[in-house]
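Hydrogens, waters and symmetry mates play no part in the numbers below; they use all other heavy atoms, side chains included.
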Amino acid sequence: MNPYIEDSKIFFSSVATQIEAEMDKATVINATMSFALAMERVLKAILYDINPVYILMEPSFKNSVAALYASEIKYKTKEVSDSPNEDVITYRTSLIRAEIVSEFAHAKKPILFYLSQCRDIIAHNELKHLDIERMKLMLKKDFYTISQDVANVFNLNIHNLLAHQDTRLSLLSYPLQESVSDKVSILLGMHKRKWQSLKSKPGYLEDKDKMLHQILSTPNKFQCVCPACDKTSVLYTKPEVEYNKFMNQEVVTGYFITRLKCVYCKLDISDYDDLSHLNKINDYQELIDSSLAVE
């Protein structure tokens, strides 16, 4: 097991329990410091997985074999240090090295660098130099998404990583995302986990099957695959009608998607940007047009 990712869990849990919609200055500072400590260990963990030598200040064989592999030494010669230097590289050196081998570190380099600046001020300078509002936004907006990335990279259970605060933190993070893709990703992840906990409840699936049937029997509803749990979900639409003088009646000329709802995982999306993003990926409009053509 990677010791650096194991140690990082302590700090992830600490941050997760401190982040709230409203935080005072002390909480923001403490949470930011723990966030920085967590991420420094994550960066070192990335390097450690490739080669533990890459995190040592003194990576020579003489030093590294004694510092990292003492239990493997069978015969101690002059090629083994008597007093190995176990000091490791700094946060920023870890970031510089990790981005070479990690898509995650490369993509998140700007915020990880900013986090290191905050850490340095907290540790060494007057706290008046901190931008508390910017840090507060970072904690609410970015901590959850970065934690999610770390969980994916190291195959961790995010529910445990975030001390069972993942749903609460995702709801704080979701409306602050500037990228529609990031917003939707957070939302789908949350409901995917919700489905995993709900589906085993006695009678739950049967109850939702009946509810789905009732919804689909009402006008202007179309079924699709839920983007979160892969069960059948419902596209709510508003028909566009115009009068056809040859038929002497109003006819439907198309449908506008107004909502996507899944009774199984409780996903419910009506934001037009989110719907547009999902439609672009899943071709919901084409799905509706195809179903009408069959009819």
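Under the salt bridge (charged side-chain N to carboxylate O under 4.0 Å, His left out) criterion, K128 pairs with E126, not counting sequence neighbours. With sequence neighbours excluded, no residue forms a side chain to side chain donor-acceptor pair (under 3.5 Å) with Y236. Annotation: side chain to side chain donor-acceptor pair (under 3.5 Å) contacts of E79 (sequence neighbours excluded): none. In this structure D273 satisfies the salt bridge (charged side-chain N to carboxylate O under 4.0 Å, His left out) test with no other residue, sequence neighbours excluded. In this structure, K108 has no side chain to side chain donor-acceptor pair (under 3.5 Å) partners at least two apart in sequence or on a different chain. The salt bridge (charged side-chain N to carboxylate O under 4.0 Å, His left out) check on R97 picks up nothing, with sequence neighbours excluded. Take K109 and apply the salt bridge (charged side-chain N to carboxylate O under 4.0 Å, His left out) test, not counting sequence neighbours, and it matches E99. Residues meeting the side chain to side chain donor-acceptor pair (under 3.5 Å) test with S233, sequence neighbours left out: none.
Between R92 and D120, at least one side-chain nitrogen of the basic residue sits less than 4.0 Å from a carboxylate oxygen of the acidic one, meeting the salt-bridge criterion.
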Identify all side-chain donor-acceptor contacts of residues 37-46 below 3.5 Å with residues at least two apart in sequence or on another chain.
| unit_1 | atom_1 | unit_2 | atom_2 | d |
| --- | --- | --- | --- | --- |
| E40 | OE1 | R119 | NH1 | 2.9 |
| E40 | OE2 | K44 | NZ | 2.7 |
| R41 | NH1 | L37 | O | 3.3 |
| K44 | NZ | I89 | O | 2.8 |
| K44 | NZ | S94 | OG | 3.2 |

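At a cut-off of 3.5 Å, with distance as the only test, no side-chain donor of S170 or S173 sits close to an acceptor on the other residue. S185 and D182 are not linked by any side-chain donor-acceptor pair at a separation below 3.5 angstrom, with hydrogens and angles left out of the test. Side-chain contact of Y174 with D274: a donor-acceptor pair under 3.5 Å is present, judged by distance alone. Looking only at atom types and distance, the side chain of Y284 has a donor-acceptor partner in the side chain of N282 under 3.5 Å away. At a cut-off of 3.5 Å, with distance as the only test, no side-chain donor of R193 or Q196 sits close to an acceptor on the other residue.
Annotation: side chain of F113 is in contact with side chain of L95 (closest heavy-atom distance under 4.5 Å). Counting heavy atoms from C-beta on, the side chains of I215 and M211 come closer than 4.5 Å. In this structure the side chain of Y114 reaches within 4.5 angstrom of the side chain of M135, judged on heavy atoms. The closest side-chain heavy-atom distance from M23 to K140 is below 4.5 Å. S8 places none of its side-chain heavy atoms less than 4.5 Å from the side chain of F154. Looking at L156 and I5, their side chains come closer than 4.5 Å, going by heavy atoms from C-beta outward. Looking only at side-chain heavy atoms (C-beta outward), N2 and E6 stay at 4.5 Å or farther from each other.
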Test ring pair (Phe, Tyr, Trp, His ring centres under 6.0 Å) applied to F35 and F143, step by step: CA-CA 8 Å; F35 189 9; F143 174 72; 5.1 Å; yes
Criterion side-chain contact (heavy atoms from CB on, under 4.5 Å) on F256 and T237, from CA distance to verdict: CA-CA 5 Å; F256 293 99; T237 68; over 6 Å; no
Step-by-step side-chain contact (heavy atoms from CB on, under 4.5 Å) determination, D24 to T27: CA-CA 5 Å; D24 60 22; T27 302; 2.7 Å; yes
Test side-chain contact (heavy atoms from CB on, under 4.5 Å) applied to I111 and M138, step by step: CA-CA 9 Å; I111 185 174; M138 173 188 66; 3.9 Å; yes
Full working for side-chain contact (heavy atoms from CB on, under 4.5 Å) between L171 and M190: CA-CA 9 Å; L171 291 173; M190 179 179 69; 3.7 Å; yes
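Note: H164 and H159 have parallel aromatic rings, judged against thresholds of 30 and 60 degrees for the angle between ring planes.
Residues V234 and I269 fall into different hydrophobic clusters, defined by Ile, Leu, Val, Met, Phe, Trp and Tyr side chains chained together at heavy-atom separations under 4.5 Å. Note: the hydrophobic cluster containing I281 does not contain V180 (ILVMFWY, side chain heavy atoms under 4.5 Å, direct or indirect links). Linking ILVMFWY residues whenever their side-chain heavy atoms come closer than 4.5 Å, directly or via other members, leaves V263 and L278 in distinct clusters.
Remark: side-chain polar atoms of H191 are paired, donor with acceptor, to backbone N or O of C265 under 3.5 angstrom. Formation of a donor-acceptor pair under 3.5 Å by the S34 side chain with backbone atoms of A31 is not found in this model. Judged by distance alone, the side chain of S14 and the main-chain N or O of I10 form no donor-acceptor pair under 3.5 Å. Without hydrogens or angle criteria, D166 side chain to L162 main chain gives no donor-acceptor distance under 3.5 Å.
Pairs of residues two or more places apart, or lying in two chains, never qualify as ring pair (Phe, Tyr, Trp, His ring centres under 6.0 Å) while including a residue from residues 118-140. Residues in residues 219-228 take part in these side chain to side chain donor-acceptor pair (under 3.5 Å) pairs, two or more places apart or across chains: T218-K221. Counting only residues at least two apart or on different chains, the side chain to side chain donor-acceptor pair (under 3.5 Å) pairs with a member in residues 202-214 are D209-Y264.
Within 6.0 Å of NZ on K280 lie no more than 12 heavy atoms contributed by other residues, nucleotides or ligands. For K231, the NZ atom is densely surrounded, since the number of other residues' heavy atoms within 6.0 Å is greater than 12.
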